[in-house]
**Q** 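Below: one structure in structure tokens.
To find a chain, count down the sequence lines: A is the first, B the second, and so on, and within it residues start at 1.
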Amino acid sequence: MRYAIPEYILRVDLSKQKIVKEPLPEKLARNFLGGRGINAKILYDELKPGIDPLSPENILVFGVGPATGTLAPASGRYNVSAKSPLTNFFGDANSGGHWAPELRYAGYGHIVFYGRANKPVYLWIDDDKVELRDASHLWGKDTWETEDMLIEELGDPEVKVACIGPAGENLVRFACVINEKSRAAGRTGMGAVMGSKNLKAIAVRGTKGVEVADVEALLNFREEANKLIANDLFYELYSRYGTAGLTTIYNEFGACTAFNSKEAYWENAEKLYGEVFEEKLTVHITACFSCPLHCSRVYKVKSGPYACIGESCEFENIVAYGTRCGNDNLESVAYASTLADKLGIDTISSGAVIAFAMECWEKGLITEKDTGGLDYSWGNTDVIIESLKLIAQRKGFGNLLAEGVKRMSERIKGSEKFAIHIKGMETPAVDPRAVQGYGGLGYAVASRGGDHLRALAALGYSLPKRAKELFGTDKAADRFSTIAKGAVVKFHEEMRAVTDAIEICKYITRTALLLPETIAKLINALTGWEIDKQEVLRIGERIVNLERAFNIREGLTRKDDTQPERMLKEPIPRGPSKGCVVQLEPMLKEYYTLRGWDLETGYPKKEKLVELGLDYVANDLEKLGKLAK
Amino acid sequence: MKVEVRYLLMFHRLTGKTKEIIELEQSNPTVRDLISKLGQIYGQQIVDALIDPKTGDVRYTPDLKENKKAVRILVNGRMTWWLNGLDTKLKEGDVVQLFG
């Protein structure tokens with residue numbers, strides 16, 4: 001008897017308009033769990049290396065996991081994966097809400113899209129009935145209009161919709177997938193891949209249940225988990241202020257990206273703090289499926305030029321459209337956040353391209369001639385908002401912004417030194433110079449480029465007692481020190497891969513449910529497998545190495561595991577982290593050594609891949625001459 | 001001697017303030033002295049939130065039985081763990097951040 005593992009994989013050939021439903025093998029789940037893990041396995045096995053990510057040859061995979069739709073806490077997540085049009089490496093994004101449980105209740109674990117439809121379509125999943133439908137009438141609509149129209153058309157308010165907006169249709173390289181209007185599978189341009197396939201939306205309605213192995217054990221786990229979550233250092237922050245509370249913490253740390261990373265502390269950021277957001281804009285608190293942390297907020301700007309209503313204006317959005325662009329007008333940040341959701345644009349990357357343009361403007365590298373008359377002075381709120389509209393339509397200067405910072409810097413001479421991206425993806429809100437493990441090493445090695453969520457190395461700057469237990473020294477939790485950061489990042493990467501694969505949220509596993517023995521307990525209650533903490537870490541390591549192999553096959557080497565020049569060479573000029581740069585080399589050396597990856601090339605060693613049961617991957621890389629000697 | 005205290009998150013709720021200047025009478029005041037002064041202003045509740053009586057130190061870890069959360073005290077952005085804990089000396093103009 002198998003439990004919790006979704007029954008089916010759907011394979012949808014958009015070119016041939018053919019849908020095949022096949023069983024999801026339990027062995028696949030045993031090795032990769034689900035969600036991000038099985039997505040990675042499908043992509044590695046089926047995607048031809050070297051293809052153009054926006055061509056019909058790319059494969060787009062949606063995946064949920066064994067925890068999805070169960071009593072497991074915060075189990076409303078799903079992953080979308082494909083080769084990224086932003087990085088040309090492994091592309092992957094994760095989103096919450098209620099779409100994932102709906103897909104699970106219809107009986108599906110993964111949906112794999114191939115080819116390209118000859119006209120706009122959407123996929124309609126109504127339990128066992130699955131069909132492609134014409135979406136011509138939805139093309140050009142924003143994500144809010146699309147969802148409203150589909151729910152109206154399908155005649156059931158319980159239908160959940162994941163879709164793209166104009167940005168995805170127009171192949172903006174950082175377009176995202178939006179579900180339930182405000183939940184974003186944000187990073188690496190998965191919305192552009194969806195757009196390239198003429199796939200506007202996936203609407204789903206599921207009415208089946210999920211059978212778990214041990215209901216009592218799951219109830220006990222939930223009780224224990226709730227207690228751990230409620231007493232976590234970060235509980236009050238998330239539950240009361242949402243992630244907006246992180247603006248407070250990181251600016252006080254001197255670790256808040258400001259003025260395109262020229263600064264990491266800004267006095268005016270106080271106007272954007274979580275406490276201010278709660279007082280001025282929060283209407284009420286909401287949560288994703290089964291989540292006790294409830295970090296989401298419905299916000300409202302009641303009147304004025306930025307009047308809007310939206311949900312989940314996260315810390316990343318506040319930095320992206322606020323401090324990063326030298327903007328301390330909170331209402332304009334909220335407005336930009338709502339607009340990005342409607343247009344289907346990743347907030348982090350879009351804020352980063354605007355901030356990058358602002359520094360280019362400041363340095364005289366671009367002028368009104370380039371921008372079509374727009375004034376990219378720091379803090380110009382109107383230009384931030386106008387830029388988002390131009391990006392989504394790829395109009396005027398927006399057509400260049402839509403390419404992302406890396407490609408912009410290749411076109412704007414003299415801008416490479418302050419082009420803030422890693423592997424082509426714009427880095428997030430926390431300045432990596434101020435947090436060596438979390439940002440300095442974590443961002444540099446992330447399989448999807450400049451990203452904090454692959455490692456989310458929370459113990460690298462907090463909880464010194466816990467860090468000492470796990471890594472043998474409290475220095476592992478010293479954000480200014482490089483000591484033990486290789487071990488810290490590796491451990492966190494393993495755990496993030498596992499929680500992305502069973503599909504529970506990183507905010508409850510961030511520190512509260514971080515430990516592998518805790519997650520083993522959950523997996524066992526769900527599946528009845530009886531795995532231990534070593535096996536949990538091993539599955540995580542397997543997923544990390546498979547994504548690594550995917551990237552190496554696409555041409556990645558050690559030189560790609562790096563930081564923007566500014567982070568390595570320009571010390572933070574002032575504030576509580578004054579003088580810091582990323583000290584990458586010692587951390588990278590420790591990390592590669594622990595990973596069993598070659599210090600010169602960054603390629604995995606055969607023994608490591610074989611140890612993880614990835615013998616065939618080792619053979620592939622050997623044939624390509626990309627296996628460490 | 002004056003220091004700036006920033007009340008973040010939980011401490012914003014406890015004090016109703018974002019920040020304020022606190023004057024300390026001692027000649028070489030420490031974080032412990034500051035907490036004592038905050039206790040005089042805001043009552044024992046803020047002291048209990050910051051100091052774990054079982055360890056006599058900052059509440060670096062939560063107490064699940066007592067339902068007490070972990071907190072952090074930063075002096076100029078640096079956690080007291082890396083300084084001298086509650087005995088960390090304060091000087092004129094220091095910024096002390098409290099959060100939990």
**Q** Quick one: which of R466(A), K475(A), E270(A) has the most heavy-atom pairs under 4.5 Å with chain B, could you say?
**A** E270(A)
**Q** Is it the case that R297(A) places NZ or CZ above or below the six-membered ring of F277(A), under 6.0 angstrom from the centre and within 45 degrees of the axis?
**A** no
**Q** Which one of N231(A), L237(A), I249(A), T248(A) has the most heavy-atom pairs closer than 4.5 Å to chain B?
**A** N231(A)
**Q** Check whether A230(A) gets within reach of chain B through its side chain, its backbone, both or neither, counting any heavy atom under 4.5 Å.
**A** backbone
**Q** Indicate the ring-plane relationship of Y7(B) and Y42(B), choosing parallel, tilted or perpendicular according to the 30° and 60° boundaries.
**A** perpendicular
**Q** As an exercise, state the distance from CG of D57(B) to CG of D52(B), rounded to the nearest 0.5 Å.
**A** 8.5 Å
**Q** Does any backbone or side-chain atom of R6(B) lie under 4.5 Å from a heavy atom of chain A? Answer side chain, backbone, both or neither.
**A** side chain
**Q** Heavy atoms only: give me the nearest P73(A)-I229(A) pair and the separation to one decimal.
**A** CB-CD1, 4.4 Å
**Q** Using heavy-atom distances under 4.5 Å, tell me whether L9(B) contacts chain A through its side chain, its backbone, both, or neither.
**A** both
**Q** Taking only Lys NZ, Arg NE, NH1 and NH2, and the carboxylate oxygens of Asp or Glu, determine whether R78(B) and D478(A) approach each other closer than 4.0 Å.
**A** yes
**Q** Should the pair F253(A) and Y461(A) be assigned to parallel (<30°), tilted (30 to 60°) or perpendicular (>60°) ring geometry?
**A** perpendicular
**Q** Step by step, would you call T482(A) with Q436(A) a side-chain hydrogen bond (donor to acceptor under 3.5 Å, both in side chains)?
**A** CA-CA 6 Å; T482(A) 59; Q436(A) 294 292 328; over 6 Å; no
**Q** In terms of heavy-atom proximity below 4.5 Å to chain A, should K68(B) be classed as side chain, backbone, both, or neither?
**A** backbone
**Q** Go through R240(A), K227(A), E252(A) and name the one with the most non-hydrogen pairs under 4.5 angstrom from chain B.
**A** E252(A)
**Q** Among D232(A), L463(A), L233(A), which residue has the highest count of heavy-atom pairs closer than 4.5 Å to chain B?
**A** L233(A)
**Q** Looking at P576(A), A255(A), P464(A), which makes the most heavy-atom pairs under 4.5 Å with chain B?
**A** P464(A)
